[in-house]
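All remarks here apply to the structure that follows.
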Amino acid sequence: MTLFKFSRLLSFVSKPIVQQKLNLSSEPQFLGIKSKYTDQLKFVNSDNYESIPIYRILSTSNEKDLPVKLEEETLIKMYKNMIRITVMDKILYESQRQGRISFYMTNSGEEAVQIGSASALTSNDVIYAQYREAGVLMWRGFKYSQFLNQCFSNFEDPGKGRQMPVHYGSKELNFMTVSSPLTTQMPQASGAAYALKLKKQKACVVCYFGDGGASEGDFHPALNFAATLDCPVIFICRNNGYAISTPVTEQYRGDGIAARGPAYGISTTRVDGNDILAVHHVTQAARDYCINNMKPVLIEAMTYRIGHHSTSDDSTAYRPSEEINIWTQHSPISRFRQYLEKLGLWSEAQETEFQKLTLQEFMKEFSIAEKKLKLDWREMFTDVYKEMPSHIEEQMKNLEDHLKKYGEHYPLKDYKST
Ligand SMILES: Cc1ncc(C[n+]2csc(CCOP(=O)(O)OP(=O)(O)O)c2C)c(N)n1
């Protein structure tokens, strides 16, 4: 005992004591904080905090010399994709009302956030979405038939008809499959970005989420891990004013979502989400920064959810219809269309023609997808684990026996059979 104490004392004494002398009267020496001392007692709050401005390009005053230079072809492609989303939304929304699909969520009002950001990325960038980002997938080349196969849960849905409509995913297009629990994709996105960094890939992860989602616990580790582990991930918040019936005024008291970025040490900006060129520009700049510096970025895109939350919601029960009308008139689509018309790149006649063709094309795919059978019911038991364990195999067998006896009570004709 004595010997042990003595040797510990010796080792302590033998180490040189290099303690820095703290000078408490001048610069603070606290680890990790770049602050000054002050003799003024002050609380930082919304009265003295300067709100983060909203970056925009498409205003009436400065449209001659925009900081974004895009080929005419690209501008038209961007606009056409915005229209394609609205056509798809209209048909799928109405088809849910007719009971032909079980559920749907529209994207109206947010087409510019989706197409503006997607068009600034490369196909190597990995997407983690919430559920209101169909345009991102569309920009990447997801076909009408693919959207439809998922919504109809038919045998050609790569998700094998297991999830609700709009829970899209595409391995080929680097778009992770959507899942319902809000914000679980956020820490996963940080992790995926960390993996990209380890693999030294010149790509980033882009993670979309809503203003409501940002109140989830998972938002915080996602941002903190991304910052502390220097992950090349762009977080794009679609701040559309509502989380179902909860307005943002009840969601937070701070300066939106953007204000939280610097608190995590993340480069942050706020953009007019109804200005497609501004969204494109910030996403492009964020991507460059993210990949060159191996650091995360937070973008808050200010927009408005013009449609109902989903087909299970009637938003006029909690917000005035005048509010919806105002945003409909100033929609991201009408703003971009005005710009293109001024450049002579679009016209009323082109609009009518394109809407007509898009509708025809979509309806053709719709009737094909609607008629397709569902997968063999046995697929309900596969992929729970990679290999099917014996107890699940037994459950499958039980159902098989059950259907042999009582099959007439089930819609088996809608399913493929082996
Ligand atoms: C963990 C979790 N809690 C609650 C829900 C139910 N829910 C689905 S969408 C939603 C609102 C999300 O709002 P926001 O993130 O702002 O996205 P928006 O629908 O406006 O695009 C809620 C509460 C859920 N899916 N997951």
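One-based numbering, in listed order, for ligands and for the atoms of each.
Under 3.5 Å, the side chains of Gln146 and Tyr168 contain no donor-acceptor pair of N or O atoms. Gln251 and Ser215 form a side-chain donor-acceptor contact under 3.5 Å, judged by distance and modelled atom types alone. With 3.5 Å as the limit, one finds a donor-acceptor pair spanning the side chains of Ser51 and Asp255. With 3.5 Å as the limit, one finds a donor-acceptor pair spanning the side chains of His402 and Tyr410.
Note that Arg260 lies in the cation-pi zone of Phe219, set by a 6.0 Å cut-off to the ring centre and a 45° limit from the axis.
Protein residues with any heavy atom under 4.0 Å from ligand 1: Gln130, Tyr131, Arg132, Ser180, Pro181, Leu182, Gly210, Asp211, Gly212, Gly213, Glu216, Arg238, Asn240, Tyr242, Ala243, Ile244, His309.
Of the candidates Pro332, Ser119, Ser117, Ser117 is the only one forming a side-chain contact (heavy atoms from CB on, under 4.5 Å) with Val279.
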